[in-house]
Structures are given as C-alpha cells and as structure tokens.
Amino acid sequence: MGTRGRTEPFDILISEKAIQERIVALGAEIDRDLKDGDLVVVGVLKGSFVFMADLIRAIKRPVSCDFIRVASYDHDHSTGVVRLEFDLTQPIADKSVLLIEDIVDTGRTLRFLLKYLQAKRPARIRVASLLYKEINPEVRGFIDYCGFTVPDKYVVGYGLDSEGLYRSLPHIGCRAEER
Ligand code: 5GP
C-alpha cells in the first residue's frame, strides 16, 4: 500500500516520479518529431488537463493550446455514445495538432475525435495519451506518444476522476481490491 493509500481508497499504480520522468522523455521525442510549423496542442477535457500542463512544459518548441470536450462516460461506465460538448476556439487547417488524451480505453473517444479533427484539415494529427488500457490492443496504433500501459482496472489521479474526485492526486491509483 502506498503512503496515500492509508487515507484514500486507492493504491499507487504509477508514482509521481515515474510520471514526471516519462513526460520529460515524451517532450523530447515530440520536440524531435514536430520541429516545423505551427503546433496546436489540443487537450481533451477534463481528464487530460494535468498531463497537458506538464507535457507542454517538457516540450521546448513554441506551442499554442486549445481544448475540446466530449462526453463518453456516465458515472464511470461507458455509455457507448460520444458527443461533442465544447469545440476548439481556433482554426487548425494546415497546422500540426497534438491531441492530448488522459487514457485510451475502448478507443471510441479517440476514433471520434480523430475523424472530427481530420475534417478541419490540419497538416497532421499526432496523439499523446498518458495511459492506454492493454485489453484493447487494436487501438494502440492510434497513439503516437504513450505514457504507460495499464491493466483493465478503473484508474484515478493525475487528471483522471471517479465521480468528479481525485483528479488532483499526483500519481495514478486504483482501488486496492482491484490491484
Ligand atoms: P474510451 O472512449 O477510450 O473507451 O474512453 C475514453 C475516456 O473514458 C477517457 O478519456 C476517460 O475520460 C474515460 N476512462 C476510460 N477508462 C478510465 C479509467 O480507468 N479511469 C477514469 N477515470 N476514466 C476512464
């Protein structure tokens, strides 16, 4: 059990240190790959905002930031429906887009967003996701920059919530009984 596990119903699955080290490496990779032109970093609200805040500071080239919001989960269970709730505030035509996800589970959200954003004719779209659930290997190919692979558990922290809570944890946790 992690130190915070004694006061919260979660064990640490990925430590704060591991997350921060991985983000430094991802930032360097993104700097190497996306050197030229305008780069718009698009965070998928709400879960990606903590990861995005750290990742953009690990990317040394200039970026602009925008957000998009979709609804796909209802009370921690997939409803199977993805709906756009909040759109970008700027055109992305002919620009490079780095889409930031917190976690790719079934890939339904990501597929929807890629199709939606492609229609806006960006020069290219790359995807960074902090987490990827290993039960869905067919969607791994959509992720260009992947932080960590996680088992098929409901995870929280570092932006990810459970009924609106736990986004502010500095690590990724899962319920002790689920480990
Ligand atoms: P997908 O469409 O890939 O099935 O799910 C994507 C969204 O579902 C994520 O952006 C996230 O908001 C939510 N989600 C999926 N798995 C988890 C999980 O284990 N924990 C939390 N907090 N959210 C999840």
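Numbers here are sequence positions counted from 1. One-based numbering, in listed order, for ligands and for the atoms of each.
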### Message
Tell me whether K46 reaches ligand 1 (any heavy atom closer than 4.0 angstrom to a ligand atom).
### Response
no

## Note on the structure
Checking heavy atoms under 4.0 Å, the part of E101 that sits near ligand 1 is side chain

### Query
So, K133 side chain and T106 main chain: donor-acceptor pair closer than 3.5 Å or not?
no

### Task
Mark yes when over 12 heavy atoms from residues, nucleotides or ligands other than K46 sit less than 6.0 Å from its NZ; otherwise mark no.
no

### Message
Taking only non-hydrogen atoms of G107, do any sit less than 4.0 angstrom from ligand 1?
### Response
yes

### Summary
Restricting to heavy atoms, the pick from T106, D102, L45 nearest atom 10 (O) of ligand 1 would be D102

### Message
Would the distance check show the side chain of R69 and the main-chain N or O of L45 forming a donor-acceptor pair, the cut-off being under 3.5 Å?
### Response
no

### Message
Suppose I only count heavy atoms of T109 and a 4.0 Å limit; which atoms of ligand 1 are within that range?
### Response
1 (P), 2 (O), 5 (O), 6 (C)

### Query
Which atoms from ligand 1 have a heavy atom of D161 less than 4.0 Å away?
21 (C), 22 (N)

### Task
Determine, using heavy atoms of I103 and all atoms of ligand 1, whether some pair is separated by less than 4.0 Å.
yes

### Query
Is any N or O atom of V155, backbone or side chain, closer than 3.5 Å to an N or O atom of ligand 1?
yes

### Message
Regarding ligand 1, does Y154 bring an N or O atom to under 3.5 Å of one of the ligand's N or O atoms?
### Response
yes

### Task
Quick one: list whatever passes side-chain hydrogen bond (donor to acceptor under 3.5 Å, both in side chains) with Q90, sequence neighbours left out.
D66

#### Entry: Best match, E163, K133, R167, R108: closest heavy atom to atom 19 (O) of ligand 1
K133

### Heavy-atom donor-acceptor pair, R140 side chain to N136 backbone, under 3.5 Å
no

### Task
Taking all non-hydrogen atoms of both residues into account, name the closest pair between M52 and V42 and its distance.
SD-C, 4.4 Å

### Query
Would you call V156 a ligand 1 contact, heavy-atom distance under 4.0 Å?
no

### Any K153 heavy atom less than 4.0 Å to ligand 1
yes

### Task
Mark yes when over 12 heavy atoms from residues, nucleotides or ligands other than R61 sit less than 6.0 Å from its CZ; otherwise mark no.
yes

### Query
Are the side chain of D31 and the backbone N or O of K60 linked by a donor-acceptor pair below 3.5 Å?
yes

